[in-house]
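Notes for the one structure printed next.
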Amino acid sequence: MIIYCAGPIRGNLSYQESFKKIIEYVESSGHSVFTELSHKFSSTIPLTDKQIYKRDLKWIDGSKVMIAEASGPSLGVGFEISYAIFQRKLPVLVLYNSEVKQISAMIMGCDSPLLFVEKYQNDSDLKKIIKQFLIKHSQ
């Protein structure tokens, strides 16, 4: 399955290691991952903001589901989540660390049946939650 993984690239990088672990776990489970941090898609030349925007939307368009790390605020991740749910009608798993007191009210208040928000404490939790989500949405 092709999965788009969203996470902080320029914004709050406090949980970027968790984002990298999400990518590694999804790839190690045999799925194809679209994300800027994947070693498969690293660019040797810097991309303009417009190129990044077009590339990321194309990646979301080509994905079956999205998994997002949302522990730290990121306008880009929020935009991608909204695009995936409301434009592309994709199931989206939003993960956030239990140390985070609160995440966006726009995420927590969203009642779309395509949005799944889960709190994790450690790498084991991440793997378990992701595995359950992928099993549910692989049919």
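Please read all numbers here as calculations on a predicted model, not as lab measurements. All residue numbers in this chain count up from 1 along the given sequence.
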Look up atom NZ in K101 and atom CD in E99, then write down how far apart they are to the nearest 0.5 Å.
-> 8.0 Å

So do the side chains of Y4 and D56 get within less than 4.5 Å of each other, counting heavy atoms only?
-> yes

Is the count of non-hydrogen atoms from other residues, nucleotides or ligands lying under 6.0 Å from Y53 atom OH greater than 12?
-> no

Could you tell me whether the side chain of I67 reaches within less than 4.5 Å of the side chain of L134, counting heavy atoms only?
-> yes

Rounded to the nearest 0.5 Å, how far apart are CH2 of W59 and OG1 of T35?
-> 6.5 Å

Of all the heavy-atom pairs spanning A6 and E80, show the shortest one and how long it is.
-> CB-OE1, 3.3 Å

Nearest atoms (heavy-atom pairs only) where I23 meets C5 = CG1-CB, 4.2 Å

Write down the atom of F86, the atom of C110, and the distance for their closest heavy-atom approach.
-> CZ-SG, 3.9 Å

P8 to V77 - nearest heavy-atom pair and separation | N-CG2, 4.0 Å

For residues 117-131, run the donor-acceptor check on the side chains, cut-off 3.5 Å, and write out each pair with its distance to 0.1 Å, sequence neighbours left out.
unit_1: Y120; atom_1: OH; unit_2: S18; atom_2: OG; d: 3.2
unit_1: Y120; atom_1: OH; unit_2: E69; atom_2: OE2; d: 2.5
unit_1: N122; atom_1: OD1; unit_2: S124; atom_2: N; d: 3.1
unit_1: N122; atom_1: OD1; unit_2: D125; atom_2: N; d: 2.8
unit_1: D123; atom_1: OD2; unit_2: K21; atom_2: NZ; d: 3.0
unit_1: D125; atom_1: OD2; unit_2: Q121; atom_2: N; d: 2.8

Non-hydrogen atoms of Q51 and L47 that approach each other most closely = OE1-CA, 3.3 Å

Does any non-hydrogen side-chain atom of Y25 lie less than 4.5 Å from one of V33?
-> no

CG of L93 to NE2 of H137, rounded to nearest 0.5 Å, is 8.0 Å

Separation between CG of L90 and CG of D61, rounded to the nearest 0.5 Å = 8.5 Å

Side chain S104, main chain M106, donor-acceptor under 3.5 Å | yes

I3 versus S63: any side-chain heavy-atom pair under 4.5 Å?
-> no

Within the side chain of S82, is there an N or O that forms a donor-acceptor pair under 3.5 Å with the backbone of F79?
-> no

Taking atom CD1 of I85 and atom CG of L115, what is their separation to the nearest 0.5 Å?
-> 4.0 Å

